[in-house]
Amino acid sequence: MAFAKLQKVLISDSLDPCCRDILQAGGIQVLEKPGLSKEELLQEIRDCDGLIVRSATKVSADVLEAAGRLQVVGRAGTGVDNVDVDAATRKGVLVMNTPTGNSLSAAELTCGMILCLARQIPQAAASMKEGKWDRKKYMGMELNGKTLGVLGLGRIGREVATRMQAFGMKTIGYDPIITPETSAAFGVEQLPLEQIWPRCDFITVHTPLLPSTTGLLNDSTFAKCRRGVQVVNCARGGIVDEGALLRALRSGQCGGAALDVFTQEPPKDRDLVDHPNVICCPHLGASTREAQSRCGKEIAMQIVDMATGKGLVGVVNGQALSKAFAPQTKPWIALAKALGTVLHGLAKQATGNVQVCTLGAPLKDASSYLAPAVVSGMLAGGKKEATLVNAMLLAQEAGLKVTATHGDTCPEPEGLLQVALQGTPHRVTGTVQGSSPVLRELNGATFKQPAPLVGPLLIYRAKASETNALPTLTGLLGKAGIQLQSYHSSSAVVGEQWSIAGLSAPLSDLAGLKPCTAEVFQLHL
């Protein structure tokens, strides 16, 4: 699966030149315009297929709305809080990041911050520049034997932990996803948060900014901490409640803080910045030559690979889409979308409860990407284009509930996919033969010779005794200059059978078929 129409990419923040060079070498036109105003961005994005940003550009809902051709937003870095991911998903725009690109730089800055807090290096250096020689004022502490609490044990958190262990620090931590066994392998003992607060001499946060992590350190948690605790935030502004931090600093409950990020950047309220026990930087976590080169290179390669169909990595909001690049899953995704389209043609509705059932061991974990594909087929032709990125969100908005189940027993070695609309007789079943999606069953009627689900199809239901339907169809096709490329009939159910005709082009008028059919409709797959 390739994004053949991805031709022009706007780079709206300053990035390493390698980003532009890699995109151009991949045959993509590049427009480099860092520092655009909001109005200029709205104008420039209108005819772009891709947008690459760092953290300065705010990709808001109105920016996405103005981008009629936009397919992908690439964030050269980890956090995507400057991108309205929900709005992008709703529009079917893929959001990707480079989660490993700046990990080392952010981890090293964090370690530097811990050292600076322990020895008051910035304050002492500033004092020297003022002409002073005050050795007694800047009495520090050794890190050896101190306890460091690491909240968030992903790539950056674990890099910080292993580096600070070299200073003799005991590392404890918390992460709702990483298992205790995994963190123990890199020397971090996981504990509940309530046990972490009173044990730490230093606390560093490395979580994304989510509703569950906003204000993670607050008045209540500071009160549970060891008096004089040192706090580091090189992750995202807002994880540490800035008001609570200032109160803890003033009371002495917090002995010092090192901040690279703020709720508002640059911060207008200077109380924290100006506090004598606060060390701060202007969001420098990823500001190294190596990180910028790495992030620029990675995001460019990811977009080129996406455009050429080579692969998809760093996906934030379209995990199902990433499966569409694997050779073994591509035809199954095509089948799922086709079955969704057929089901919509039968039911004439895209509401209710859709049941997606995978059968056979090869499809055991396939519902995560096949269910969105079914929905994209059911919603095809709607006001908003349904893709693997936004299908489930659009389904929710349309009142379409999706239930996925799996069964290991299957008569087909490759597996079967069944899609049904609950409360109706409408059910379709298909499989993949070679690399081609085919229909096996339609509303209980089976096709001994599976019908290919590709191109323009004309589907009709007629009495099994009806002999005029096919001659009438061939006559209409002959008059219209349309070729009949394939024809398949099902078994009879209650005296009726289904027929599927593959055409070279859609038939403009079905009126001539209605006298000899009970139901007829067309699809283009």
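We use all heavy atoms of the structure for the numbers below, so side chains are in, but hydrogens, waters and symmetry mates are not.
The shortest side-chain heavy-atom distance between I303 and I52 falls under the 4.5 Å cut-off. In this structure the side chain of M306 reaches within 4.5 angstrom of the side chain of L6, judged on heavy atoms. Residues L346 and F521 form a side-chain contact, since some pair of their non-hydrogen atoms from C-beta on lies under 4.5 Å apart. Within the 4.5 Å cutoff, the side chain of L148 has no heavy atoms near those of the C200 side chain. A heavy-atom distance below 4.5 Å is not found between the side chains of V150 and I172. Side-chain atoms of V73 and M96, non-hydrogen and from C-beta on, never get closer than 4.5 Å to each other. In this structure, the side chains of L70 and L51 come closer than 4.5 Å at one or more pairs of heavy atoms. Residues L473 and L458 meet the side-chain proximity criterion, which asks for heavy atoms closer than 4.5 Å.
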For the pair L370 and T329, evaluate side-chain contact (heavy atoms from CB on, under 4.5 Å) and give the outcome as yes or no after the intermediate values. CA-CA 9 Å; L370 294 184; T329 60; over 6 Å; no
Could you walk me through whether H206 and D175 pass the side-chain contact (heavy atoms from CB on, under 4.5 Å) check? CA-CA 10 Å; H206 300 285; D175 193 296; over 6 Å; no
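N97 places no side-chain N or O within 3.5 Å of a backbone atom of I299 that could act as its donor or acceptor partner. A donor-acceptor pair is defined here as one N or O able to donate and one able to accept, closer than 3.5 Å; such a pair exists between the side chain of S183 and the backbone of V188. Panel note: side chain R54, backbone A76; no donor-acceptor pair is recorded below 3.5 Å. Side-chain N or O atoms of T98 include one that pairs as donor or acceptor with a backbone N or O of G77 at under 3.5 Å. Looking at D84, its side chain does come within 3.5 Å of a backbone N or O of A87 through a donor-acceptor pair.
Between the CD1 atom in I45 and the NZ atom in K8 there is a gap of 9.5 Å [rounded to 0.5 Å]. If you take NZ on K364 and CG on L359, they are separated by 14.0 Å, rounding to the nearest 0.5 Å. We find the CD1-CG distance between I156 and N102 to be 5.5 Å, quoted to the nearest 0.5 Å. Atom OG1 of T204 and atom CE of M164 lie 9.5 Å apart (nearest 0.5 Å).
The 12-atom threshold is not exceeded at CD of Q483, counting heavy atoms of other residues, nucleotides or ligands nearer than 6.0 Å. Residue Q24 places its CD atom among more than 12 non-hydrogen atoms of other residues, nucleotides or ligands, all under 6.0 Å distant. Heavy atoms of other residues, nucleotides or ligands lying less than 6.0 angstrom from CD of Q195 number more than 12. Counted within 6.0 Å of NZ on K91, heavy atoms from surrounding residues, nucleotides or ligands total more than 12; the atom is thus considered enclosed. Heavy atoms of other residues, nucleotides or ligands lying less than 6.0 angstrom from NZ of K448 number 12 at most. In the displayed structure, E414 atom CD is contacted under 6.0 Å by more than 12 heavy atoms of other residues, nucleotides or ligands.
Side chain to side chain, S499 and S489 meet the donor-acceptor criterion of an N or O pair below 3.5 Å. Counting only N and O atoms by type, the side chains of T100 and S103 include no donor and acceptor under 3.5 Å apart. Neither side chain, R427 nor Q355, offers a donor N or O lying under 3.5 Å from an acceptor on the other. Side chains of D86 and T89: a donor-acceptor N/O pair is absent below 3.5 angstrom, by distance only.
Between E194 and K224, at least one side-chain nitrogen of the basic residue sits less than 4.0 Å from a carboxylate oxygen of the acidic one, meeting the salt-bridge criterion. Using a 4.0 Å cut-off between a side-chain N of Lys or Arg and a carboxylate O of Asp or Glu, R163 and E159 qualify as a salt bridge. Ion pair R236/D81 flagged as a salt bridge, since at least one NZ, NE, NH1 or NH2 atom sits closer than 4.0 Å to an Asp/Glu carboxylate oxygen. Under the 4.0 Å criterion applied to side-chain N and carboxylate O atoms, E412 and R440 are assigned as salt-bridge partners.
For T57, the side-chain hydrogen bond (donor to acceptor under 3.5 Å, both in side chains) partners at least two apart in sequence or on another chain are S12, D13.
Residue pairs meeting the side chain to side chain donor-acceptor pair (under 3.5 Å) criterion with at least one partner in residues 507-523, sequence neighbours excluded, are R461-E519.
Note on ring orientation: taking the six-membered ring where Trp is involved, the planes of Y487 and Y460 are tilted (angle from 30° to 60°).
The minimum heavy-atom distance linking A480 with L507 is given by the pair CB-CD1, 4.0 Å.
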